[in-house]
Number of protein chains: 2
Amino acid sequence: MKPFHSYQNPSLAVDLVVFGYSKQNLSVLLLNRKEAPFKDRWVLPGAFLQMEERFKDTCSRVLKTKLGMDDVYLEQLFSFDEPDRDPRGRAISVAHYALVNPARVAIAAGSMANDVSWFNINELPALGFDHDSMFQQALQRLRSKITYFPVGFELLDDLFTMPELHELYECILDTTIDRRNFRRKILDSEYIINTGKKREGSQNRHPDLYKFNKKLKKNSFQINF
Amino acid sequence: MKPFHSYQNPSLAVDLVVFGYSKQNLSVLLLNRKEAPFKDRWVLPGAFLQMEERFKDTCSRVLKTKLGMDDVYLEQLFSFDEPDRDPRGRAISVAHYALVNPARVAIAAGSMANDVSWFNINELPALGFDHDSMFQQALQRLRSKITYFPVGFELLDDLFTMPELHELYECILDTTIDRRNFRRKILDSEYIINTGKKREGSQNRHPDLYKFNKKLKKNSFQINF
DNA sequence: TATCTTTGCGTCAAATTAACACAAAGATTA
DNA sequence: TAATCTTTGTGTTAATTTGACGCAAAGATA
């Protein structure tokens, strides 16, 4: 058997659409490039795959070293292959998206290099490379996924209230959803559990605190909003 | 700017899950390997990416040269990255799935090398490499896709009857669907058009012939069976 | 104690779905 | 020619789900 790596191959990279949710805002983490190509433009964080790495390893490396994040929900999105997508030469990129609770990476955020920044998804600058298209695809996937898989918990604290979950869905799906119908559908799906505790401190009635049901039997559902 | 290809990169390949539907049978096209590794085992057709090619170009090349097929519905599935997935060395594979009407590639099928064969999806041999997993993922994707996108037409003739479409759905989804409810939902979705013609020759009542509505406004729907 | 806002729970009409009945069409046969 | 058999097209109905609300309880403040 002849080993492969004697042949010439395209470069292989991963790029990351890191979503964060905080204060009724869905944001994406962008990096300001300091070198050509696309110098001074905002781009998605990414890195080239090292010979021994899986995609997730490379993603974790980027999340850890560039952004100071650990243990992040990660999903492969799509591989981008346009021959001219990188002016430096042929490069394939396997896009992923990540869901992050910014509160949990607050320390990292504080120590983040000043060339890294959160942008509200409705106020994104034009991105370098083909990263606009990656972002669009990631957003579409997130919107679709959240209607059939309990993925929102990655963006919230371990304990959360019904109004918080409701606002998250409205924000991600960019619609209004009747509060009471939302409650009914979510509860019917059985993917959250009422802890019996209540969130104190608010001015009005204290809402119940829920947690994610990790023992959910069915691993998918279908909710139409 | 330093060009990339001076670095060492993993090999990059595409592999293809080619689905064909014929006589109430959903099948996959497999290739019998003539060389190590996995000599004499059945595997998915695939090829290494050439430096100038897009994934779809490589797929088309495989479909054309190995299988004699043109103009095939093709969709990127997932990229497989386990470091040991190929004993010859580090190789990434971007899996795709294709939908084919075997009747349209009949000539090709006749001239097909004898190491290529259709297998009913319920009677697959154990495949080489990580191709079992690729196949499973492709089947799952097809089953999901067919419930919200008119993808079945790629597997049927231009004109088809309601019972034919019904059988296709039952076969792919591996369930029974009430014939009359199926008809109503499909017609409500407006993605097929009654041509007014009828399929002659059958013993009993001649069913109407339908065609795909290419001017469909909404580009997706949701049908639960 | 009255008021204000938020949260939890319930109601009801409208829409959708699942299950099923029945008649029309076409070939075969008595 | 009429009876029979099977398949296909159409319609009906009850059950379920959904969307659009009403209302009271909880908690803070005036």
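Excluded from the calculations below are hydrogen atoms, water molecules and symmetry mates; all remaining heavy atoms, backbone and side chain alike, are included. Keep in mind that this is a model prediction, so the values were computed, not measured. Order of the sequence lines fixes the chain letters, A, B, ..., with proteins taken first and strands second; residue numbering starts at 1 for each chain.
If you take CZ of A:R205 and P of C:dT7, they are 10 Å apart, rounded to a whole angstrom. We find that CG of A:N204 is positioned 18 Å from P of D:dA24, with the value rounded to whole Å. Between B:K185 atom NZ and C:dA19 atom P the separation is 10 Å, expressed in whole Å. Atom CZ of B:R184 is separated from atom P of D:dT8 by 19 Å (rounded to the nearest Å). Regarding B:L187, its CG atom lies at a distance of 12 Å from the P atom of D:dG11, rounded to whole Å. Atom CG of A:D178 and atom P of C:dT7 are 14 Å apart (whole Å). Rounding to whole angstrom units, CZ of residue B:R183 and C1' of C:dA23 are separated by 14 Å. If you measure from atom CG of B:N181 to atom C1' of D:dA15, you get 13 Å, rounded to the nearest angstrom.
Distance check: B:E53 CD to B:R61 CZ gives 4.0 Å after rounding to the nearest 0.5 Å.
B:D57 places a side-chain N or O within 3.5 Å of a backbone atom of B:R54 that can act as its donor or acceptor partner.
Phosphate contact (OP1/OP2 of C:dG8, side-chain N/O of A:H206, threshold under 4.0 Å): absent. An OP1 or OP2 oxygen of C:dG10 is reached within less than 4.0 angstrom by no side-chain nitrogen or oxygen of A:R180.
Heavy-atom nearest nucleotides on DNA chain C were determined for B:F225 and for B:G201, and the one closer to the 5' end corresponds to B:F225. Toward the 5′ end of DNA chain D lies the nearest nucleotide of B:P163, the other residue of the pair B:P163 and A:K198 mapping further downstream.
Contact annotation for A:T161: no contact, since no heavy-atom pair falls under 4.0 Å across all strands.
Between the side chain of B:R179 and the base of D:dG9 there is at least one donor-acceptor pair of N/O atoms closer than 3.5 Å.
When side chains are defined from C-beta on, A:V94 does not count as touching A:L49, because their heavy atoms never get closer than 4.5 Å.
Of the residues listed (B:Y21, B:Y210, B:Y73, B:F160), the one engaging B:F153 in a ring-ring contact (aromatic ring centres under 6.0 Å, His included) is B:F160, and it is the only one.
For A:D158 and A:K211, the salt-bridge test fails: no basic side-chain N is under 4.0 Å from an acidic carboxylate O.
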